[in-house]
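To keep things clear, I will list the structure first and then write my remarks on it.
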Amino acid sequence: MFCPNCGTENKDDAKFCGNCGAPLFDQQPEPDMPSEEPEPDTPSGEPEHRRFLSTTAGKVVLVVVIAAAAAGVSAGAATVHHNNVVKEEEAAAAEEAAQEEAAAALEAAAQDEETEVADVQEAEATDESAEEIAVTDDMYPELLEGGLSKSAFEDVLAHGPEAMSDSSMTIKQVTWFATTLIRNCAAVQFEGAPPQETPITLTEVQDGSSYSWDCSLADMNNLLSVLTDYQFNAGDNAKYQEEESGLSVEGDTLKQVAVETSVGYEASITDAKLTGDEMMVSYEHICDSAGSPENNYDLIRTAILKKTDSGRYRVDTITTGTIDEASELLALIESDQDYILPDSDSRTLDRSDLEGLSKTELRVARNELYARHGRTFDDPLLDRYFNSRSWYQGTVSPDDFSDNVFNSTETANRDLIVSRENEMSGTGTQSGGSSGTQSGSSSGTQSDSGSTGTDSGSGFSFADIDNVEFGYSSGAGAWGVGLTVHSDGTFEGSYHDSDAGGRGTDEYGNEYLGTISLSEWTGSFSTPVKVNDYTYSTTVESINLSREQGSEVEDNVLYVYTSAEGMSVGDEFLIYLPSAPTSELGDFIDFIYATHPNIGSQLSCYGLYNTNDGASFISY
């Protein structure tokens, strides 16, 4: 056998080594061990000691145990070989190395723990940055460019651009902003009205019968900073003149010439939230124009602000709807869904097709009908949505777009979608027309395109007024308009006016002793949609004149052939049912009062009211 101390071979029955004298022990041959199969990973059912050893702490303990075992083996060898000083020194060195290794392992473990804590803190910080925080009134000066208060920011929202694609503004936009703000701030101080707090300092300048208002340049530029980097300066006076804005910069004053005070804009913030580097502010936006009441509106809009390098927020986009609706539209922009209703141009939808769609999805679905025909959109988020769809080619401006391009399926589907939108909003009709003019109520429902209303369901239909004759006139019989409606929504109309004193000579030298104006036409209405229990809405889809517009002299009478009086393609008509409360019919009642001065508290007949030009027809 071999000596375990010096390795010298000895006789099998020897008790001590013949070379070094170390005791010899019986050496049993090691049995053959079967090869170990790798154990499968068992994340959920592995033994506790395995799971412990997989942790950082477990690895540290394992290193320490191994080190201690190494030290123990070395110490034992030194004891066995007590007469070998070199072996003892090697054992001491091995023990020291094991201790150093254990200390290094502990230090590495501490660093791992530190890294893990840092990762957790970073993750928590990320979560915190994405947390939604409600903005209180006192937070605005710290958040906004220019340090604007809430009330000053409301003035910016009231008079700033209605739609923005980014925070850059043209000279035309900044001058529009400044002039409308000056007008409104001047209006609250006009004609001896008690002074009111405004975001700019104004000085009235009298020049004979005319007047103007000088504005503090610093005040205006400070307000402008939440919209753009641009600042008013004397160097751009020529550009202000090109825009015919009436603005000029003189020293520390922004001068405005011939201010008119008839336009009123207001904004009232209803909700504001911070999410990371984005701020969303929802507000009610009101336009109240004494000179052009048909352009008035009352809408809910949302301003989306982005954080700049300064750490403050600046307006980036203004869109229609609440914060939640704007957020949903942003999510739809990022989605890969090409259509909300892919076949709405070719298949007549029913109400089941709209179940489960949100107001925002319905809005997009309605405007898909217009986008298919190349209509562009004023709302920047809606515009961004369609431009992110592969099929969209926007070529037709809202002002140039006509609903006449729709087929009957598209028209029916548009009306159905609109009815569902208004059901969800709890609103009545709001005329926007195909041009995208914004009109509505404080609920924020807006027509980006097409007419609005609530579907007729089992209520009114044109069959209820089949062959009923409507008309309106001057009351003295000099002129009048007649309209007959049929069950399928088609109609015939006629107009006449006479002027016995209208004498003259036409372009061909023909003398005439009187003038008669005439027109006859046919056309069709869209499917009526319900507004409330006594009102339905419809749109004029087509008009065909029986004679081309023009004139001729016959039997010494000048005949003038006109357009359809009181209606045009695209006009919205409200249909008032019998028993409608006259106190709620406004301009319609005012219009027909000349011919029906004794009208009671409720209609006793049907009425048709053109919301675009005020023409009011009443059934015979």
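- In this structure, the ring-ring contact (aromatic ring centres under 6.0 Å, His included) partners of F525, at least two apart in sequence or on a different chain, are F462, F491, F573.
- Within a 6.0 Å sphere centred on CD of Q602, other residues, nucleotides and ligands contribute more than 12 heavy atoms.
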(message) Assess the residue pair L585 and Y609 against the criterion (side-chain contact (heavy atoms from CB on, under 4.5 Å)); give the C-alpha distance rounded to whole Å, side-chain angles, the decisive distance to 0.1 Å, and a yes or no.
(response) CA-CA 9 Å; L585 304 186; Y609 174 64; over 6 Å; no
(request) Could you check T319 against L382 for side-chain contact (heavy atoms from CB on, under 4.5 Å), going step by step and ending with a plain yes or no? (result) CA-CA 8 Å; T319 187; L382 203 60; over 6 Å; no
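- Considering only residues two or more places apart in sequence or on other chains, Y576 meets the ring-ring contact (aromatic ring centres under 6.0 Å, His included) condition with F588.
- Atom CG of residue L603 and atom OG1 of residue T582 lie 7.0 Å apart, to the nearest 0.5 angstrom.
- Judged by distance alone, the side chain of T198 and the main-chain N or O of I200 form a donor-acceptor pair under 3.5 Å.
- When every heavy atom of Y240 is checked against every heavy atom of I171, the shortest pair comes out as CD2-CG2, 4.2 Å.
- Note on residues 302-326: no pairs pass ring pair (Phe, Tyr, Trp, His ring centres under 6.0 Å), not counting sequence neighbours.
- T611 places a side-chain N or O within donor-acceptor distance of the main-chain N or O of E572, the cut-off being under 3.5 Å.
- Side-chain N or O atoms of N237 include one that pairs as donor or acceptor with a backbone N or O of V249 at under 3.5 Å.
- The ring-ring contact (aromatic ring centres under 6.0 Å, His included) check on Y392 picks up F386, with sequence neighbours excluded.
- Residues forming a side-chain contact (heavy atoms from CB on, under 4.5 Å) with T136 (at least two apart in sequence, or on another chain): D138, M139.
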(message) Using side-chain hydrogen bond (donor to acceptor under 3.5 Å, both in side chains), reason through D379 and T320 one step at a time and then give a plain yes or no.
(response) CA-CA 7 Å; D379 187 291; T320 300; 3.2 Å; yes
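- Looking at residues two or more places apart in sequence or on another chain, you find no salt bridge (Lys or Arg N to Asp or Glu O under 4.0 Å) involving E584.
- The shortest side-chain heavy-atom distance between L341 and E368 falls under the 4.5 Å cut-off.
- Taking all atoms of both residues into account, the shortest heavy-atom contact from Y472 to S616 is CB-O, 3.0 Å.
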(message) Pair T253, T203 - check side-chain contact (heavy atoms from CB on, under 4.5 Å), show working.
(response) CA-CA 10 Å; T253 299; T203 304; over 6 Å; no
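- Side-chain atoms of T302 come within 3.5 Å of backbone N or O of T322 as a donor-acceptor pair.
- Within the model, atoms OG of S248 and CG of L254 stand 7.0 Å from one another, a figure rounded to the nearest 0.5 Å.
- No side-chain heavy atom of D345 sits under 4.5 Å from any side-chain heavy atom of Y339.
- When each of E131, E278, E132 is tested with K273 by the rule salt bridge (charged side-chain N to carboxylate O under 4.0 Å, His left out), just one qualifies, namely E132.
- Looking only at distances, no side-chain donor or acceptor of N222 sits under 3.5 Å from a matching main-chain atom of A218.
- Between L157 atom CG and S282 atom OG the span is 10.0 Å, to the nearest 0.5 Å.
- Side-chain atoms of N233 and Y230, non-hydrogen and from C-beta on, do get closer than 4.5 Å to each other.
- R312 contributes a side-chain N or O that, together with a main-chain N or O of P141, makes up a donor-acceptor pair within less than 3.5 Å.
- The stretch residues 233-256 participates, sequence neighbours left out, in these salt bridge (Lys or Arg N to Asp or Glu O under 4.0 Å) pairs: D214-K255, D236-K239.
- For S149, the side-chain contact (heavy atoms from CB on, under 4.5 Å) partners at least two apart in sequence or on another chain are S151, A152.
- D571 pairs by the salt bridge (Lys or Arg N to Asp or Glu O under 4.0 Å) definition with nothing, not counting sequence neighbours.
- When atom types are taken as modelled, the side chain of N221 and the backbone of Q231 share no donor-acceptor pair closer than 3.5 angstrom.
- The CG atom of D324 sits 12.5 Å away from atom CG of L329, with the distance rounded to the nearest 0.5 Å.
- A heavy-atom distance below 4.5 Å is not found between the side chains of L608 and L574.
- Closest approach of Y283 to A267, counting heavy atoms only: CD1-CB, 3.8 Å.
- Atom CD of Q256 sits about 9.0 Å away from atom CE of M220, to the nearest 0.5 Å.
- At least one side-chain heavy atom of L144 sits under 4.5 Å from a side-chain heavy atom of M279.
- Across S245 and T179, no two heavy atoms sit closer than the pair O-CG2, 3.5 Å.
- Under the 4.5 Å side-chain criterion, counting only non-hydrogen atoms from C-beta, D378 is in contact with P398.
- Checking side-chain atoms of W213 against main-chain N and O of I182 turns up no donor-acceptor pair under 3.5 Å.
- Without hydrogens or angle criteria, D277 side chain to K307 main chain gives no donor-acceptor distance under 3.5 Å.
- Two residues are said to be in side-chain contact when any heavy atoms from C-beta on lie closer than 4.5 Å; D155 and L223 fail this criterion.
- With sequence neighbours left out, F406 forms a ring-ring contact (aromatic ring centres under 6.0 Å, His included) with Y370, H373.
- With 3.5 Å as the limit, one finds a donor-acceptor pair spanning the side chains of E145 and T308.
- Applying the salt bridge (Lys or Arg N to Asp or Glu O under 4.0 Å) rule to D219 yields no partners; only residues at least two apart in sequence or on another chain are considered.
- Between H285 and Y297, the ring planes are perpendicular. Angles over 60° get that label, and only those under 30° would be called parallel.
- In this structure, CG on D415 lies 11.0 Å from CZ on R366, to the nearest 0.5 angstrom.
- No donor-acceptor distance shorter than 3.5 angstrom exists from the side chain of R314 to the backbone of K306, with no hydrogens or angles considered.
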(request) Show your working on side-chain contact (heavy atoms from CB on, under 4.5 Å) between T411 and T527 and close with a plain yes or no. (result) CA-CA 8 Å; T411 299; T527 303; over 6 Å; no
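- Between R389 and Y385 there is a side-chain heavy-atom pair separated by less than 4.5 Å.
- For the 3.5 Å distance criterion, the side chains of T270 and E284 fail to qualify, holding no donor opposite an acceptor.
- Here D137 pairs with K150 under the salt bridge (Lys or Arg N to Asp or Glu O under 4.0 Å) rule; sequence neighbours left out.
- Between H159 and Y265, the two ring planes are perpendicular [angle over 60°; tilted spans 30° to 60°].
- P199 approaches L181 most closely through the heavy-atom pair CG-CD1, 4.3 Å.
- The heavy-atom pair separating G251 from L217 by the smallest distance is O-CD2, 3.7 Å.
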